[in-house]
Amino acid sequence: VSDVASLLAGVVGPDNVLTEGAALADYGHDEALSVTPGQPAFVVKPGTTSEVAGVLRIASEYKLAVTARGSGTGLSGGTIPRPGGLVMSFARMNQILEIDTANHVAVVQPGVTLADLEAASAEHGLSYPVYPGEMSASLGGTIATNAGGMRAVKYGVTRRHVLGLEAVLASGEVLRTGGKPVKLSSGYDLTQLIIGSEGTLALVTEATLRLYPRLPAQAVLLAPFGSLTKVTTAVPRILASGVGPLMLEYMDARSMAMILQGENTDVGIPDSVRETTQAYLMVVHEERDSGRLDADVADLAELLADAGATDVYALPRAAGRRIIEARERAFWAVKRSGADDILDTVVPRAAMVTFLGEVEKIAARHQRMVIGTGHAGDGNVHLVVFEPDEVARGQLMREIVAAAKASGGAVSGEHGIGTAKVKHFLEQADPVALSLMRQVKKAFDPDGILNPGVLFG
Ligand SMILES: Cc1cc2nc3c(=O)[nH]c(=O)nc-3n(C[C@H](O)[C@H](O)[C@H](O)COP(=O)(O)OP(=O)(O)OC[C@H]3O[C@@H](n4cnc5c(N)ncnc54)[C@H](O)[C@@H]3O)c2cc1C
């Protein structure tokens with residue numbers, strides 16, 4: 001260990017290598033609810049791409065497992081290091097290298113957080129739309145998980161916004177893909193292959209990202225419904241209208257109660273309405289000016305009422321902000337309420353009705369509470385499972401994932417497979433696709449040192 005530590009210190013400097021002490025434990029976990037933390041042998045904090053390359057050359061030579069770490073906010077155990085392995089923390093590579101206002105592009109290092117990029121883009125009237133709620137997440141981590149979040153219904157998920165990457169292969173070779181052009185038809189798209197690969201193919205050291213004009217006028221509508229079915233049928237109708245909302249989030253009544261209670265907040269829904277509500281739809285819309293906004297909001301309110309909403313509340317600015325923030329922090333509220341695990345299954349949005357019906361039956365069969373929120377416009381359902389027994393929980397979740405697959409969906413829409421969902425992924429993945437994925441992995445990382453355990457087990 002000490003030989004390798006001094007080699008690593010030779011590359012990144014002794015202050016940027018940790019080999020013992022409590023600090024190592026900080027790098028052994030992410031926010032996944034059910035994954036046992038790991039203890040790495042080394043934590044390395046490179047400051048430049050050539051330092052990343054130097055560390056990877058050493059890791060290759062000593063066959064050390066390398067786990068990349070952004071902010072550690074992932075929900076799938078993707079940052080859990082292998083015993084004896086190395087964590088590559090990108091915390092020091094946190095510079096915004098360029099905001100190119102003519103091309104609407106940002107060039108960033110991987111340790112830049114979403115919050116930092118949002119603040120820097122706002123100064124130029126621009127915005128990076130990936131919005132998982134957890135704004136401390138890093139660009140490297142969100143690229144590696146292909147993060148989605150609440151604005152994806154309008155702007156799409158991370159892969160829509162990454163134009164180019166610099167990434168280091170396990171061998172230490174530096175790869176550059178794409179760039180500022182918004183279109184390319186020049187060979188295989190390696191940018192897209194690396195996005196969502198969860199640190200298993202290459203480590204991202206720079207990204208070229210699309211920015212969009214910020215639209216200043218925003219409104220928040222909250223619509224309670226007497227049944228979840230009505231919510232899921234309202235969603236395609238809203239999208240078919242062409243209004244194009246920024247967010248379209250559903251929360252079942254139990255999740256909403258936990259979220260509001262957890263945040264100690266109230267958005268003014270009368271008790272009489274709350275008592276008959278099974279689920280809520282939150283619709284956020286943005287426009288260039290208040291005239292356009294008001295016209296669209298009127299249309300949205302009419303659509304929601306026609307779809308069977310008990311009422312439609314156009315929330316005042318402060319209450320609107322509070323409900324969005326409470327929704328952002330839904331994960332912490334359910335965690336405090338004793339949730340044992342969460343899934344982020346995705347189905348075609350029109351199949352949400354059938355899928356959620358199946359989930360209800362599965363929960364009833366297991367006599368366990370399964371509650372949900374989700375990016376309804378994307379068919380991305382976040383299910384919170386309350387079942388402390390690990391074996392029983394595994395079976396319950398297996399049935400939910402099988403139901404998602406039967407509805408034409410998949411195990412994860414945005415959090416990734418990590419180590420937490422490997423079993424479900426391997427059970428449900430197409431065997432030919434899986435075999436090709438293993439060959440791709442071998443082409444990038446022949447010795448399998450990059451995040452072993454993730455995706456393939
Ligand atoms: C409260 C809360 C709400 C959330 N809501 C959402 C949501 O709505 N939508 C959503 O998509 N996600 C959501 N997430 C999870 C989300 O996946 C993460 O916040 C984010 O994508 C991970 O960023 P990170 O920097 O924390 O990455 P980490 O957790 O550090 O790492 C995540 C993965 O990326 C890899 N990785 C990190 N950096 C690099 C790099 N430079 N190169 C290669 N691989 C790398 C890691 O090895 C790991 O596999 C939420 C999380 C929390 C805590």
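Each ligand, and each atom within it, is numbered from 1 in the order the structure gives. Remember, predicted model here, so these are calculated numbers, not experimental data.
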P110 heavy atoms within 4.0 Å reach ligand 1 at atoms 41 (N)

Numbered atoms and elements of ligand 1 in range of A147, under 4.0 angstrom, heavy atoms:
11 (O), 21 (O)

Proximal ligand 1 atoms for G199, defined as those under 4.0 Å from one of its heavy atoms
43 (C), 44 (N)

Measure the distance from atom 33 (C) of ligand 1 to every protein heavy atom, then report the residue, atom name and distance (to 0.1 Å) of the closest one.
T145 CG2, 3.8 Å

Taking atom 9 (N) of ligand 1 as the reference point, the nearest protein heavy atom with its distance:
E414 OE2, 2.8 Å

So, 4.0 Å and heavy atoms of M150: is ligand 1 close enough to count as a contact?
no

Heavy-atom contacts with G148 under 4.0 Å: which atoms of ligand 1 show up? List them by number with element.
10 (C), 11 (O)

Heavy atom of V454, distance to ligand 1 below 4.0 Å
no

If you have a sec, work out which protein heavy atom is nearest atom 49 (O) of ligand 1 and how many Å separate them, to one decimal?
G78 O, 3.2 Å

Please say whether E134 places an N or O atom under 3.5 Å from an N or O atom belonging to ligand 1.
no

Who's the nearest protein heavy-atom neighbour of atom 1 (C) of ligand 1, and how far?
W332 NE1, 3.4 Å

Nearest 0.5 Å please: distance from the CD atom of E414 over to the OG1 atom of T345.
10.5 Å

Output the list of atoms in ligand 1 that are nearer than 4.0 Å to some heavy atom of T142, sorted by atom number.
20 (C), 21 (O), 23 (O)

Is there at least one pair of N or O atoms, one from F90 and one from ligand 1, spaced under 3.5 Å apart?
no

Check: L75 N/O within less than 3.5 Å of ligand 1 N/O
no

Shortest protein contact, atom 35 (C) of ligand 1 (heavy atom only):
A144 CB, 3.5 Å

Exceeds 12 heavy-atom contacts within 6.0 angstrom, atom CD of E98
yes

Looking at atom 5 (N) of ligand 1, what's its closest protein heavy atom, distance included?
P132 O, 2.7 Å

Geometry only, no angles: is D30 polar-contacting ligand 1 at N/O separations under 3.5 Å?
no

In ligand 1, the atoms that come under 4.0 Å of a heavy atom of R69 are 30 (O)

Could you identify the single nearest non-hydrogen protein atom to atom 31 (O) of ligand 1 and state the distance to 0.1 Å?
T79 CG2, 3.1 Å

N451 heavy atoms, cut-off 4.0 Å: which ligand 1 atoms fall inside?
47 (O), 49 (O)

Of H104, H161, R151, the residue whose pairing with Y212 passes side chain to side chain donor-acceptor pair (under 3.5 Å):
H161

Regarding ligand 1, does E31 bring an N or O atom to under 3.5 Å of one of the ligand's N or O atoms?
no

Around atom 41 (N) of ligand 1, find the nearest protein heavy atom and jot down its residue, atom name and distance.
V204 O, 3.1 Å

